[in-house]
Amino acid sequence: MTVPTLYVNFDPFPVLETERMILKQLDDQQVDMLFELRSDPETMRYVNRPLVKTREEAEQHLQLITSKIEANEGINWGLYLRDQPDKAIGVMGHYRIHVEHFRSEVGYMVLRSYWGHGLVTEALAALLRYGFETMQLHSTEAIIDPANIASARVLEKNGFVKEAHYIENEFFEGAFIDSMVYSLLKSRWRAQPPR
């Protein structure tokens with residue numbers, strides 16, 4: 001068996017394109033978008049993290065994203081509409097990479113005003129192409145709240161299958177909550193119709 005080589009080098013930062021979007025690196029001009037995204041209780045409903053309360057916390061979150069990219073530990077793209085190339089509408093990435101397993105965990109969030117337009121599904125297809133073709137991942141996963149039906153649909157449209165439903169495996173804000181794991185193997189991704 002040929003041992004694969006995982007390519008994890010984000011310098012220069014890879015720019016991805018879809019029919020309606022450009023996925024590129026976030027810069028300091030997007031702190032307000034991150035604040036809006038992570039301070040909105042509805043957007044954060046299924047994300048088990050505290051709400052961002054100040055612009056400084058949003059800046060710290062951007063610094064965390066940037067430091068993971070610089071260390072080649074994870075990568076997040078800003079999602080930009082082609083007709084609004086200076087204002088990000090969300091974030092998506094292989095934000096956790098398990099190099100030893102050739103596996104990543106993907107995550108995504110978009111501003112509420114852009115929900116329901118298929119943008120996340122479209123951007124995720126580009127992200128997966130980069131992960132499987134350029135990075136040479138063997139598999140990727142997403143961990144979601146079982147109540148997040150919209151996110152499950154996005155994953156399923158991109159070929160993910162549900163692998164596990166963990167019962168009360170996390171404790172957040174005084175309650176035990178469930179989580180579901182979806183995954184996608186490179187072989188399954190390759191067998192799908194062209195995207």
Side-chain angles (χ1 to χ4, degrees), residues 1-26 37 46-49 61-80 88-110 118-146 148 150-166 169-170 179-195:
M1 176 180 165
T2 304
V3 177
T5 301
L6 192 65
Y7 182 80
V8 183
N9 183 349
F10 308 126
D11 183 21
F13 190 90
V15 175
L16 310 179
E17 296 190 28
T18 73
E19 182 181 341
R20 295 180 288 173
M21 285 176 289
I22 298 173
L23 284 65
K24 59 185 181 178
Q25 190 165 15
L26 291 166
L37 197 63
Y46 301 117
V47 180
N48 302 328
R49 300 285 183 275
H61 185 67
L62 179 57
Q63 289 170 3
L64 175 64
I65 289 172
T66 302
S67 68
K68 289 184 81 170
I69 293 167
E70 290 172 350
N72 292 316
E73 295 175 352
I75 181 167
N76 273 286
W77 286 267
L79 307 180
Y80 296 79
I89 62 164
V91 180
M92 174 180 288
H94 295 281
Y95 76 94
R96 185 174 294 131
I97 301 171
H98 303 282
V99 174
E100 69 279 16
H101 301 302
F102 298 83
R103 187 172 176 95
S104 77
E105 182 178 342
V106 296
Y108 40 82
M109 297 178 71
V110 294
L119 293 167
V120 175
T121 300
E122 181 179 322
L124 183 57
L127 183 102
L128 293 171
R129 189 177 314 110
Y130 177 82
F132 289 129
E133 292 182 351
T134 302
M135 292 172 63
Q136 293 297 309
L137 292 169
H138 175 73
S139 64
T140 188
E141 69 182 13
I143 301 172
I144 67 170
D145 186 306
N148 193 345
S151 188
R153 285 189 185 132
V154 164
L155 295 168
E156 289 164 359
K157 285 177 184 176
N158 273 285
F160 283 75
V161 294
K162 185 171 85 170
E163 280 195 347
H165 183 146
Y166 294 107
N169 65 313
E170 292 188 11
S179 62
M180 288 197 313
V181 178
Y182 278 77
S183 73
L184 178 60
L185 292 174
K186 184 175 188 175
S187 57
R188 179 179 171 86
W189 175 81
R190 274 188 180 144
Q192 294 180 72
R195 291 157 296 279

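Start at 1 with the first residue, then count along the sequence.
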task: Quick one: closest heavy-atom pair of L185 and S139, and the distance?
output: CD2-CB, 3.8 Å

- prompt: Hey, are the side chains of R129 and L16 touching, using non-hydrogen atoms and a 4.5 Å cut-off?
  reply: no

task: Report the C-alpha separation of D11 and N9 in whole Å, then their side-chain angles, then the decisive distance to 0.1 Å, and conclude whether the side-chain contact (heavy atoms from CB on, under 4.5 Å) test is met.
output: CA-CA 6 Å; D11 183 21; N9 183 349; 3.8 Å; yes

message: The test is side-chain contact (heavy atoms from CB on, under 4.5 Å); show your working for L137 and W189 and say whether it passes.
response: CA-CA 11 Å; L137 292 169; W189 175 81; over 6 Å; no

task: Write down the atom of Q192, the atom of N158, and the distance for their closest heavy-atom approach.
output: NE2-O, 3.2 Å

- request: Using modelled atom types only, decide if a donor and an acceptor are shared between the side chain of K186 and the backbone of F132 within a distance under 3.5 Å.
  value: yes

statement: Shortest non-hydrogen pair, R103 vs S183, comes out as NH2-CB, 3.4 Å

query: At what distance, to the nearest 0.5 angstrom, does CG of L184 lie from OG of S104?
result: 9.5 Å

statement: For E156 and Y182, the nearest pair of non-hydrogen atoms, with its separation, is OE2-OH, 3.3 Å

message: Checking the side chain of E170 only, and the main-chain atoms of S179 only, is there a donor and an acceptor separated by less than 3.5 Å?
response: no

field: I75 vs F13 side-chain heavy atoms within contact, under 4.5 Å
entry: yes

- request: Classify the angle between the aromatic ring planes of Y130 and H94 as parallel (below 30°), tilted (30 to 60°) or perpendicular (above 60°).
  value: tilted

- request: Compare every heavy atom of W77 with every heavy atom of L127, then report the nearest pair and how far apart it is.
  value: CD1-CZ3, 3.0 Å

message: Rounded to the nearest 0.5 Å, what separates atom CG in L155 from atom CG in L128?
response: 9.0 Å

task: Check whether any side-chain heavy atom of V8 lies under 4.5 Å from a side-chain heavy atom of I97, and answer yes or no.
output: yes

statement: To the nearest 0.5 Å, atom NE2 of H61 lies from atom CZ of R49 at 9.5 Å

- prompt: Quick one: OG1 on T121 to CZ on R153, what's the gap to the nearest 0.5 Å?
  reply: 10.5 Å

task: Nearest 0.5 Å please: distance from the CD atom of E141 over to the NE2 atom of H98.
output: 5.5 Å

query: Can you check whether V47's main-chain N or O pairs, donor with acceptor, with D145's side chain at less than 3.5 Å?
result: no

message: Measuring only between side-chain heavy atoms, which start at C-beta, is L26 closer than 4.5 Å to N76?
response: no

message: Can you confirm if the NZ or CZ of K24 lies within 45° of the ring axis of Y80 and under 6.0 Å from the centre of its six-membered ring?
response: yes

- request: Mind running side-chain contact (heavy atoms from CB on, under 4.5 Å) on T66 and I69 for me, showing each step along the way?
  value: CA-CA 5 Å; T66 302; I69 293 167; 5.6 Å; no

field: Chi angles and distances behind the side-chain contact (heavy atoms from CB on, under 4.5 Å) call for F160, T140
entry: CA-CA 9 Å; F160 283 75; T140 188; 3.6 Å; yes

- request: Look at the side chain of K68 and the backbone N and O of Y95, then say whether any donor-acceptor pair between them is shorter than 3.5 Å.
  value: yes

message: Restricting to non-hydrogen atoms, name the atom on E105 and the atom on I143 that form the minimum distance, rounded to 0.1 Å.
response: OE2-CD1, 3.7 Å

- request: Please tell me if the side chains of L79 and Y108 come closer than 4.5 Å, counting only heavy atoms from C-beta onward.
  value: no

query: For the atom pair CG (L6) and CD (Q136), what is the distance rounded to the nearest 0.5 Å?
result: 8.5 Å

